Amino acid sequence: MIRRPHRFAFAVFGGVLALWLVVMLFVMRDAALPASAEGTMLVVFEPGTSEETAFAAITQAGAKPIRKTDFGFIWVVNGNAGALQQAGALGTYKELPISPVIAGCLAVVDAKAADAFGL
Amino acid sequence: MNDTASRTLPWYFAPMLVLVCGCIVAIINFGIRSTFGLFTLPISEANQWPREIFSLGIAIQNLVWGIATPIAGMLADRFGAARVIMVGAVLYGLGMAGINLANTPFLFYVTAGLLVGTGVALSSFGIVMAALGRIVPPEKRSWAFGLATASGSLGQFIFAPLAGALIPAYGWPATLNILAASSVLLILFAMPLLVQKGVSNKAAIGETSLTMTQAIGKAFGHNSYLLLVSGFFVCGFQLAFVTVHLPPYLADHGISKEFAGLAMGLIGLFNMIGAYTAGVMGGKMEKRVPLAIIYLLRSIVVTIFILTPITQVTTLIFTATLGVLWLSTVPFTMSLITVMFGTRYMATLYGFVFLSHQVGSFLGVWLGGKLYDMYGTYDPVWWLGVGLGVFAFLVHLPIREKRAESFAAA
């Protein structure tokens, strides 16, 4: 039968999570706003970016900060996606109806993977 | 299924594959269901409906899910879990895709409420657990229940952000179609479960020779079963109240919705750990005592949470701890059913226990809102939940953890 049940469970869950991450990577790429997008959006900076640095980048991009989240590197702003990315944002998204923390983490993965693969 | 028997079966009935597919069924079934909150705004706005129409549709879904679960259990015990899951997958898919065409409240109630609710019941992890419970040897049964329950939790954890990203990427109608297609995939993953046939009219070795009607009657005449049913009512009350009312409670105490989202996500993550661990523990010790302690711990954790200042740290500690205690009741409850009544009618008897859970869920959500409106605070419902937790602790202790006399082997 199953000789090492915990290892089996770990493999099943790990495999499903790995598949999910790959799918999420592609979906998040499609969910990212094009550079021409304007309006209210979620802007994600490198994790660890201070609130002050993020705020400065937002204003530098000519965007209007609407509110910050509990995580200083994720803000809800009104502005232009391309300008925000030029000002140092990793990615811009519509304000997702989920915790932006999740979107933020995947946005980081998304940006780094895109960079690595030259996408 | 012993090793000798399994060696004579084709590869697609290999126990390992059956277990993996059972887990995937639980992941998809529970996962899709957890995405509905994300559609509240887009569907209501697209149809220019007040939110109560969407809410009523989901309330109908939960009610139908509860009522249909014992029926699904009866069908699974009679015809086998795989066939029931396959029918459920079709209904689930039709319901999800049908929401796109629902331009009147009635059609929405039929698709999102009736069809999805029935589909969820017929393909739920309760049915999967019943199948796995018959496939694995008795000493691995509780572990398999824990595995299936943890899989359902994993589904919630992965599908909510996936749907949350699919909606802005492709639009909510396409997201519904993708989820509908995912639910139809359940048919494929249910196929290996065909290895577990329905019990038909024959009793397997070591199982009761009672008919289904007799078994249901005898179970409801068994005090320990009634105690289990009443205890699971509390589980439903507490979980549904927290799921629906914790985010607004946190908002009342100055916690942002983003942080509340993270905190709720922690419940899902730690739930996997708790459910799996409960399954492992259930295979090594008596089940009623740890089950009773889970309810007592919930009461203690809630008491500490509401008596201390609500901060981000206390919120995270609360949700992580509650996550461990979240669905960890399920493997113990299912295991107790098999101990008392065997595996022949386990899906049916679990179905009735789960119906009690859903009644509790309904009251937890409804009373949460009602009492908040009356008193302007959630405190009365929190304390009611604490009291019910102590009640559940007490009613689980006298459960007799042995085969019921009328369910003695044929």
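Owing to the predicted nature of the structure, the values given are computational and were not obtained by experimental measurement. So that the names make sense, note that chain A is the first sequence line, chain B the second, and so on, each numbered from 1.
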Item to check | Closest non-hydrogen atom pair between A:Trp20 and B:Ile158, with its separation | outcome: NE1-O, 2.8 Å
Checklist entry - With under 30° as parallel and over 60° as perpendicular, where do the rings of B:Tyr276 and A:Phe13 fit, or are they tilted in between? => result perpendicular
Checklist outcome for this item: Smallest heavy-atom separation, B:Ala165 atom then A:Ala31 atom, equals O-CB, 3.7 Å
Checklist entry - Is the count of non-hydrogen atoms from other residues, nucleotides or ligands lying under 6.0 Å from B:Tyr170 atom OH greater than 12? => result yes
Checklist entry - Closest heavy-atom contact between B:Cys23 and A:Val12? => result CB-CG1, 4.1 Å
Checklist entry - Under a 4.5 Å heavy-atom cut-off, does chain B meet the side chain of A:Leu17, its backbone, both or neither? => result side chain
Checklist entry - Of the backbone (N, CA, C, O) and the side chain (C-beta and beyond), which part of B:Ile27 lies under 4.5 Å from a heavy atom of chain A, both, or neither? => result side chain
Next on the checklist: For B:Ala144, which atoms come within 4.5 Å of any heavy atom of chain A: side chain, backbone, both, or neither?
Outcome noted: neither
Checklist entry - Which heavy atom of B:Pro161 sits nearest a heavy atom of A:Met24, and at what distance? => result O-CE, 3.6 Å
Next on the checklist: With a 4.5 angstrom heavy-atom cut-off, is it the side chain or the backbone of B:Ser151 that approaches chain A, or both, or neither?
Outcome noted: both
Checklist entry - Where do B:Leu147 and A:Ala9 come nearest, in terms of heavy atoms and distance? => result CD1-CB, 3.5 Å
